[in-house]
Amino acid sequence: MKYDFAAIEKKWQARWAETKPYAAVTGERDKPKFYGLIEFPYPSGQGLHVGHPRPFTAMDIITRKKRMQGYNVLFPIGFDAFGLPTENYAIKNHVHPAAVTKHNIENFTSQLKMLGYGFDWDRVTDTTDPSYYKWTQWIFLQLYKHGLAYKATMPVNWCTSCKCVLANEEVVEGVCERCGSPVIRKEKSQWMLAITKYAERLLDDLEDVDYIERVKIQQRNWIGRSTGAEVTFRATNGDGIVIYTTRADTMFGATYMVLSPEHELVKKWLPELANAEEVEAYQRAAAAKSDLERTDLAKDKTGVRLDGVRAVNPVTGKEIPIFISDYVLSTYGTGAIMAVPGHDQRDWDFAKKFGLPIIEVVSGGDVEKEAFVAKDDTAIMTNSGFLNGKSVKEAIPAMIEYLEKEGIGSAKVNYKLRDWVFSRQRYWGEPIPMVLCPDCGWVCVPEEQLPLLLPMVESYEPTDDGESPISKMTDWVNTTCPKCGKSAKRETDTMPQWAGSSWYFLRYMDPHNDAAPVSKEAEEYWGPVDWYNGGMEHTTLHLLYSRFWHKFLYDIGVVHTKEPYAKRTSHGMILGEGGEKMSKSRGNVVNPNDIVEQYGADTMRLHIMFIGDFEKAVSWSNEAVKGSKRFLDRCWNLMDMVSDEEGISEKNAATVHRTIRKVTSDIDELKMNTAIAALMTMVNEFYANGLSRGDLKALLLLLSPFAPHMTEEMWELMGFAKETGKMAMQNPWPEFDESKTVASTVEMAVQIQGKLRGTINVPTDSDESAVIAAAKENERVAKALEGMQIVKTILVKNKLVNLIVKPAS
RNA sequence: GCCGGUGUGGUGGAAUGGUAGACACAGGGGACUUAAAAUCCCCCGGCAGCAAUGCUGUACCGGUUCGAGUCCGGUCACCGGCACCA
């Protein structure tokens, strides 16, 4: 009988839809729970591409194995469906984004079902469903009520093409992460979320979670904690200028100061400056620069000296000039620095350009050539009064202690992380449930009025003045103040795409709850997510944002754990043939549908796992898929050669037990490629030795997470389903017997001086004398030993023996 | 510049400090077949050799070790992240 994958896959998918073997049971106490999560897809119009099945199949395999190991498994799926591509498609084709979304979700759903994933389809969550975004809005209101959401006018990243504000995390190398258009700075009033208040916890709690190291490192870098000191410099007009420095030790070398162009003291001082016009011109020029231009011009320092105000270095007592320059950022530290050109390269560059004095206060370099920035023990303070002779490491705390005693400074921790710009001037997102009343200011939409539905509009086009399309819907915008009843206006901006995805994993636990985002009972049972796999590109966006929301929900008692995800792993990208990124323009996009049609879902699943190291990028090869199909064919054909023998056969025992051990541990370690290789080896052995019914049974159970359709069909055809009364996937995961993994004889390597000279077959666990005796009988070894005497032997049991020899005397 | 990662056959990739190249793809040979496909079996890093076998080989240079793809020091190349963060 031929392996008719199309019919088999259709049959089993229908049976699973009917019997729901993947349903998770909230509150099941007889089994341990396991919550496996994958990042829910954005339902794009192109449908699933080969990038999706990689993480999905891996977690499907993990959760299938967990079920067989007796866990109550939650493996859910949903759709992160708000977002720009859908909106843009809707604009172009004059259809409502909701209709586009519905259509795309249907398409995705059928594709996911086609691949045979064991999702609990009764828990599907869609971020654009009002019954879902009701709770996204509710969480926003809680954030607002706890002072973590606020409206602020500030320079924000503005995408010139999307006509929309972007979060810092969405700007990559000065251009929009989505569309690649230049990003400029624009003063706008925006909703902000105070993620910086959680910076320390987001950093510290990384210690308690099992994330792969590069994710932790990337989050740490993004949060960017630095320790230093804040110091007040006195200006000649009496004002205090607060600066932040990590190098308090170098204060004796501070020969000038720099404020960011946007610094408030500059505005205050303008009237008393002799060159106010020049200063204002510089400020205007800096504001007009895009992020890209700011970084492009990094090499060439610009700035203007403030003519009329100077500062006093508090440790030297000397008067020093003050500049404004855009190399000092308004958004980090205090927006003002003391410049130490001898020991900071940026200050050095600026000082050289403006002819400012450079003083060496740390010896060891040549400050005439470049800034000397070393901080190790060999760097010794000089020209620095009471610090002279100390190392930099000693000098920093000594100076901070001095500053604190004098009352002019104190230790300070700073973070690179900025607050999260939370409003978007687009249609297809969650409306922000706030009302602006001329008398009461910002007022929350009452919780009982949620969800605040998106209004139907005629056009979704963003406006050139940077207002949301909803702003034109006067019926919707004009409302009454929930507090005082007077006429008021609704917020017309919507939430960013990251809002809905910041808590969706909680909704899966209790997807139909209308009284709370998630019930206490369900959250306490399922939380936290045991294993979350997703892309590296979400490390500083989604992953950080959702940790922040979760910590907030913890603080207000919605969830019982500080961290949402106990474990986080990450998959590499699937590249096109030749290692290039898949893209429509290159024409190298692989559609999973085509693979499934040609080879079947089981082959697709198996191959995407076999293709290479899960964590690394791999290139897709249409040719290589055949190998995975061939393997499944070989498995199928085993049915023709299986003997009547029940139980694991004697001749295959070592192979079978070893394979069970290998596959079991490899799945847990996400080494699917070597797990499959081990299964292939086992099948090759079966072809060489023949196999029993028990051998085949073990193979089917081990293979069932990878190729669930074919294994169920074979399980049934072989009569195993009748015997056990269960589908293969409902049987216990096979156990291995360590004692049976070893064969009676082993092949050992014989080395002489560390070089391989031959191999010998000896009984397992042979001792040194037996091994050496056997080695001497080996022709090649004997030849190499001629005229030599053995002076030392190193024996690695059952592996190798290394003979150290010297010429016989 | 800073922080990560990677470098192994024609290709994708395996190797708790212990027989480098498992397992596959491609390629070559054979069996079956009227033939092809499919299937089954064998070979497949390089150099030399009919072969047995020998030498050599994991980006490069050096070190530690009985033994190094693996550990240490240095160099080069590529990939990812951050980037005027004081």
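As the structure is a computational prediction, the values presented were derived from the model and not from experiment. Lettering follows sequence order; numbering is per chain, from 1.
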**Prompt:** Taking only side-chain nitrogens and oxygens of A:R630, does any of them come within less than 4.0 Å of OP1 or OP2 of B:rC25?
**Reply:** yes

**Asked** Among B:rA86, B:rC84, B:rC25, which nucleotide sits nearest the side chain of A:Y244?
**Response** B:rA86

**Complete:** Whole-Å distance, A:M338 CE to B:rC84 P, equals 20 Å

**Asked** Between A:K353 and A:D349, is there a salt bridge with N-O shorter than 4.0 Å?
**Response** no

**Residue A:A677, side-chain atoms from C-beta onward, closest of B:rC23, B:rG18, B:rG54** = B:rC23

**Message:** Looking only at the side chains, is there a donor atom on one of A:Y599 and A:S628 sitting less than 3.5 Å from an acceptor on the other?
**Reply:** no

**Between P of B:rU56 and CG of A:L756, the distance in whole Å** = 13 Å

**Message:** Of the options B:rC40, B:rA86, B:rC3, whose atoms approach the side-chain atoms of A:N221 most closely?
**Reply:** B:rC3

**Request:** State, without any angle test, whether A:E768 and A:T793 hold a side-chain donor-acceptor pair at a distance under 3.5 Å.
**Result:** yes

**Prompt:** Does A:T540 place a side-chain N or O at less than 4.0 Å from the phosphate oxygens OP1/OP2 of B:rG81?
**Reply:** no

**Item:** Residues A:T196 and A:D419: side-chain donor-acceptor under 3.5 angstrom
**Value:** yes

**Asked** How many Å lie between CG on A:N798 and C1' on B:rU19, as a whole number?
**Response** 14 Å

**Prompt:** Counting only side-chain N and O atoms of A:Y332, is one of them less than 4.0 Å from OP1 or OP2 of B:rA86?
**Reply:** yes

**Message:** Run the salt bridge (charged side-chain N to carboxylate O under 4.0 Å, His left out) test against A:E264 and tell me which residues pass, sequence neighbours left out.
**Reply:** none

**Phosphate OP1/OP2 of B:rC41 contacted by A:R634 side-chain N/O (<4.0 Å)** = yes

**Request:** Could you state the atom-to-atom distance from CE of A:M536 to C1' of B:rG81 in whole Å?
**Result:** 8 Å

**Prompt:** For the side chain of A:I804, counting heavy atoms from C-beta on, which of B:rG13, B:rA86, B:rC66 is nearest?
**Reply:** B:rC66

**Asked** Starting at CD of A:E615 and ending at C1' of B:rC79, how long is that distance when rounded to a whole Å?
**Response** 15 Å

**Complete:** Checking B:rA26, B:rC84, B:rG13 against the side chain of A:K301 (C-beta onward), the nearest is B:rC84

**Prompt:** So, is A:K783 near the phosphate of B:rU53, with a side-chain N or O under 4.0 Å from OP1 or OP2?
**Reply:** no

**Asked** Hey, what do you get for CD (A:E747) to NZ (A:K799), rounding to the nearest 0.5 Å?
**Response** 12.0 Å

**Complete:** Comparing nearest nucleotides in RNA chain B, the 5'-proximal residue of the pair A:A336, A:Q751 is A:Q751

**Asked** Given pairs defined as Watson-Crick or G-U wobble with both distances under 3.5 Å, what dot-bracket annotation applies to RNA chain B, with ( ) intrastrand, [ ] crossing, | other strand and . unpaired?
**Response** (((((((..(((.....[....))).(((((.......))))).((((....))))..(((((..]....))))))))))))....

**Item:** Interatomic distance, A:Q219 CD vs B:rC3 C1' [rounded to whole Å]
**Value:** 15 Å

**Request:** Using distance alone, with no hydrogens and no angle criterion, decide if A:T674 and A:D666 have a side-chain donor and acceptor under 3.5 Å apart.
**Result:** yes

**Pi-cation contact, A:Y687 with A:R634 (under 6.0 Å, within 45°)** = yes

**Item:** Salt-bridge present (A:E39, A:R54; N to O < 4.0 Å)
**Value:** no

Considering only nitrogen or oxygen atoms on both sides, find all protein atoms under 3.5 Å from nucleotides 7-12 of chain B and state each distance.
| unit_1 | atom_1 | unit_2 | atom_2 | d |
| --- | --- | --- | --- | --- |
| B:rG12 | O2' | A:I611 | O | 2.7 |

**Request:** Would you mind telling me which residue lines up with the more 5' stretch of RNA chain B, A:G754 or A:S621, judged by nearest nucleotide?
**Result:** A:S621

**Prompt:** Looking at A:N637, does any N or O in its side chain come under 4.0 Å of the phosphate oxygens OP1/OP2 on B:rU39?
**Reply:** no

**Item:** Separation of atom CD in A:E623 from atom C1' in B:rC25, rounded to whole Å
**Value:** 8 Å

**Request:** Verify the distance criterion only: is there a donor paired with an acceptor across the side chains of A:S260 and A:Y332 at less than 3.5 Å?
**Result:** no

**Item:** Distance in angstrom units between A:L795 CG and B:rU19 P, rounded
**Value:** 14 Å

**Request:** Decide if the gap between the ring center of A:F350 and the ring center of A:Y256 is smaller than 6.0 angstrom.
**Result:** yes

**Message:** Please give the distance between the P atoms of B:rC25 and B:rA38 as a whole number of Å.
**Reply:** 12 Å

